[in-house]
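Chain letters run A, B, ... following the sequence lines, proteins first and then strands; every chain starts at 1.
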Amino acid sequence: MGQNRTATTRLALGTGIALVAALGLAGCGGAKVGESGGDAASGECGTFNLAINPWVGYKANAAVIAHVAETELGCTVNKKDLKEEIAWQGFGSGEVDAIVENWGHADLKKKYIEEQQTAVEAGSTGVDGEIGWYVPPWMVEKYPDITDWKNLNKYSDLFRTSESGGKGQLLDGDPSFVTNDEALVRNLDLDYKVVYGGSETALIQGFRQAQERQKPFLGYFYSPHWLLQDIELAKVQLPPHTEGCDEDAQKVACDYPEYDLDKIVSKKFADAGGPAYRLVQNFEWTNEDQNVVAGYIAEDKMSPEAAAKKWVEENQDKVKAWLPGE
Amino acid sequence: MAVLDAARSTVGAAARHPRRGLIVLGILACWLVLWLFSRGMHTLALGPAQLTGLHEWLNEVRDSIGANRNSNPLFLYFFNEIRLVIDEFVTFVQSLFARPAYGSPIPVLGWLGVVAVAGYVSYAVANLRIALLAVGGLAFLGLQGLWQESMDTLALTTAAVLIALLFAIPIGIAAGLSDRFHRLITPVLDFMQTMPPFVYLAPLTLFFLIGPASATIATLIYAAPPTIRLTAHGVRSVPRPMVEASESLGATRRQTLTKVLLPAAKRTIVLGINQTIMAALAMVTVAALIDAPGLGKTVVSALGTLEVGQAFNGGLAIVVLAIVLDRVTTAASGRAERARLATRGLAARLRPAALLGGGIAAAVAVWFSRTYVWAAEFPDEVSIGDDIALAVANATDWVKENLVTVTNGIKNGVTEALINPLQALLVQSPWWLVAAVLLAIAMVLGDLRAVLVSIVCIALLIGSGLWQNSMITLAATLVATTIVVLLGLVIGVWMGRSTRADRIIRPLLDAGQTMPPFVYLVPFLALFAASRFTAIAAAVVYAAPVTIKIIADGIRGVPATTVEAATATGASTWQTITKVQLPMARGAVTLATNQGLIYVLSMVVVGGLVGAGALGFDVVAGFSQGQLFGKGLAAGVAIVLLGVMLDRISQAAANRSGRVTT
């Protein structure tokens, strides 16, 4: 027994020492943990909770704002991946300070800005949003008059699919986007059926394949969007939008309005008036600017951080204008 | 001879009851005739933006909770406290290996420390093979360039599973001891497992705010039921004589529980824990939608730019994590018994030494991981993640370009021949006709209880305001479940009869079950466009593995002597399968069908993302748009109701035919 125990111990020590030696050799030298300099000073800015809604244009806005807040103002930026509705919910509890690309959402504005008073508007982002019906570019070349809604019925046979029940298919996307399409089809007497794709992915994949394989395709889409740099989708002209023509959701027979994409912040964040708030308030750029950054992310596969850094370095003058005055 | 008799009587039983089938055919024929005359009447249609009073009322409830949450004592002293405790606990687990902690720029354990501890623990609870698997698997996650994300996922999963076990095991024991409690809790568990997580994500953030607590609770709602069910099952299956013997020896209830019931049920309980871990990992991508950190975010954000390769890389990491956790827990559950059986031999004698030596090595590795940067942060120079992503992207491109004509043909064929006619029948029939047919089938195939459950479910479906959408979803669900069961029968029988086939196919099934559906949505959209068929295909990929596994298990469980007896009487392979093996594995086939159905239903929401519309779309819309919250909630309940109804009818049918056979 005793001999057995000694053998065991010796073997154990041997294994241990061998492993220690191996690891020691491998680890000889090398930087030690905590040696390199500390974090950037958080300064007067403190933490800044930024909602990240799940589309690339939004990510471009957010990445640039976060980059400037971190490097110029010394803020600690917490990015939170959230859908719109939940991000608005976060204003009241202090989990979210800012949403930096808001598409309309009159109902949310009414609820959180007017009724619960937990949010306030923080001005335009300078980006114009356009919602509508689009066809791939090859179709416009072949059927030049297809971009007028009055001619859509003439072509409805082309757009038939297994899902559209003998009519033409109009594909709709993510349910969080504003849509009047069902009412539009009815009120404009179009021989089409709205099919709900259910996600932006379904739309992008649909348009991509339609262009690559020259297949007919009609779908809901919007600009600015990184895909438009890749494929120049053509917008179908619907009856022009006039003030109030979309008031009754059942009777809509006109195009979508142009959206002035704006920023919404939590009331607490605005009242405190810190540097991060002033940066969000001052932030304003153009559709082209956003497309450049979105293109870096979606087409060139850069991380949002790297994309933002690149753009900021190339556009110092624009960034200077956003910085809060001393 | 007895074996031969058994074989012969099963063969006979299968062919003995054609009458009930005829009645069902008659019901279906009547339905068709009535459908011709009543098409389009009373279909209870509701447009996508339309709401019923119920939906609006649910919205108001939600709004009043949101508006009063800062003043309501229920929040201040109850929900907020729960949130604080869970947040603290998750932060603690994260600080161990996922997040910088205690003033240091790294977690308590750096990557080398995590790998070493995981390897050592795996060796201690299992064996060297499993330990190597754990070490290799974790190192692979680092090589994929996803170390940080994987550890975030592991931390959240660990926290959710530990909290789930804290409640699930006692509840499971209670359900095992009391029949009444068991009956009470079963529908609750059904509800937890079939209610789509999209429905409760938004309300959870309302109660527990955005943050780790909400993500953890969302995960544990879905993940806890398997442990509860299997614990109860384990306690129930302890042989009565064992319990009686212990009681007659004067043991108290407590002693009987801790000394007899729990040790005997241990294996089943560990299997439950294992299933809970798998379920928790399945929630990773969904929880990412409310800012849960980890691999889910990688997958979801790659989906936004259609980067199939990147999404696959993230998905693969989840699969690897699942396989490591699965094999370690499975081996741990078997270890105790095997250790008792094999205490002799060289391996056993060396084990104490190896444990001691390994412990020292692990401790040294931990020290390194806390001291040197190379051992603390996974070096990113050796990443193979981009190569994996590129290879997968190229492969999918090739498949897309070369197969799309074929896949389009399949899609159109199945849609025309199966989905459209079935949907036309279900959706265009008046509601009372569909209800009558369902009840008649429940009556003929099942029993009175199935009829009563069906009446309640149908009434609630009508009350939900979503009858028509429920019928569209029902049509797709029936098609998907049929395909799943056919696959289960073909591949399951093949695997059950051939160990070699089993060994090759099983890893593919594991991947199908754990690979997040979000990963294959993009390629499927390319192959089948946004359509109901795409949703069905996604559901089949997810649901077929469990059905196949259960059927294979059932076939393997048929006694070899019975099969031999059948072969000896001159039965061909086909006859052996259809007349002996399948009838004798009837219990397994029924269970496989039920599970296939439940798994198909749990994919309804994913189907909503790729063109299936109906209930799945309503649920997603309710998650995305404030005004549609109530409707989404109602749609979630409708999915549960469909599940309960189909499950109870098919179970009653199986019980009834089972009783006739024996």
Side-chain angles (χ1 to χ4, degrees), chain A residues 4 7-9 11-16 19-20 23 27 30-35 54-56 80-86 88-90 92-93 95-96 107-108 111 115-116 161-163 171 174-176 182 195-206 208-209 213 226 249 297-298 301, chain B residues 47-49 63 66-67 104-106 202 205-206 209-211 288-291 297 300 303-307 352-354 356-357 360-361 364-365 368 370-376 411-412 415-416 521-522 525-526 529-533 608-611 613 616-617 620-621 623-627:
Chain A
N4 205 351
T8 310
T9 323
L11 185 66
L13 281 176
T15 325
L19 278 166
V20 170
L23 282 170
K32 285 198 173 175
V33 166
E35 256 176 1
W55 59 89
V56 180
K80 301 192 174 179
D81 290 296
L82 300 165
K83 280 243 186 183
E84 299 103 293
E85 163 74 12
I86 294 180
W88 283 75
Q89 245 179 43
S93 54
E95 313 275 358
V96 172
D107 58 320
L108 292 175
K111 186 161 135 194
E115 288 168 13
Q116 299 191 8
T161 71
S162 65
E163 303 307 293
L171 192 72
D174 187 305
S176 51
E182 200 130 319
V195 171
Y196 292 91
S199 57
E200 190 191 64
T201 316
L203 283 176
I204 298 175
Q205 191 65 275
R208 266 219 179 132
Q209 223 169 15
R213 306 183 50 231
W226 57 270
I297 299 172
K301 319 284 182 209
Chain B
D63 288 348
S104 153
I106 56 153
T205 60
L206 197 64
L209 304 183
I210 299 153
L289 298 174
I290 49 168
D291 200 43
K297 280 196 179 185
V300 171
L303 191 69
T305 47
L306 271 62
E307 287 171 47
L356 190 59
I360 296 170
V364 171
F368 269 115
R370 296 174 54 78
T371 312
Y372 291 104
V373 171
W374 66 266
K411 175 196 81 177
N412 289 335
T415 307
E416 293 296 330
L521 288 190
V522 175
L525 278 168
S531 65
R532 286 161 294 164
F533 184 81
L609 297 174
V610 289
F617 183 84
V620 182
F623 173 58
S624 311
Q625 278 198 43
Q627 297 142 296

Below 4.5 Å, heavy atoms only, C-beta onward: do [X] and [Y] meet side chain to side chain?
X	Y	answer
A/Thr201	B/Leu306	yes
B/Ser624	A/Asp174	yes
A/Asp81	B/Leu289	no
A/Pro175	B/Phe617	yes

Given a strict heavy-atom distance threshold of 4.5 Å, which part of [X] is in contact with chain A: side chain, backbone, both, or neither?
X	value
B/Thr205	both
B/Leu609	both
B/Ala526	both
B/Leu521	neither

Against chain B, label [X] side chain, backbone, both or neither, depending on which of its atoms sit under 4.5 Å from a heavy atom there.
X	value
A/Gln89	side chain
A/Trp88	neither
A/Leu108	neither
A/Glu84	neither

Out of curiosity, B/Leu303 CG to A/Ile204 CD1, how far, rounded to the nearest 0.5 Å? 9.0 Å

Starting at NZ of B/Lys411, measure out to OG of A/Ser162 and round the result to the nearest 0.5 Å. 4.0 Å

Can any side-chain N or O of A/Lys83 pair as donor or acceptor with the backbone N or O of A/Pro54 at less than 3.5 Å? no

For chain A, which candidate among [options] shows the most heavy-atom pairs at distances under 4.5 Å?
options	answer
B/Gly608, B/Gly616, B/Ala376	B/Gly608
B/Val522, B/Asn412, B/Ile106	B/Val522
B/Gly613, B/Ser531, B/Gly211, B/Ala288	B/Ser531

Looking at chain B, which one of A/Lys301, A/Glu115, A/Glu200, A/Glu182 has the largest number of heavy-atom pairs inside 4.5 Å, strictly under? A/Lys301

Distance-only side-chain donor-acceptor flag, A/Thr161 / A/Glu163, under 3.5 Å: no

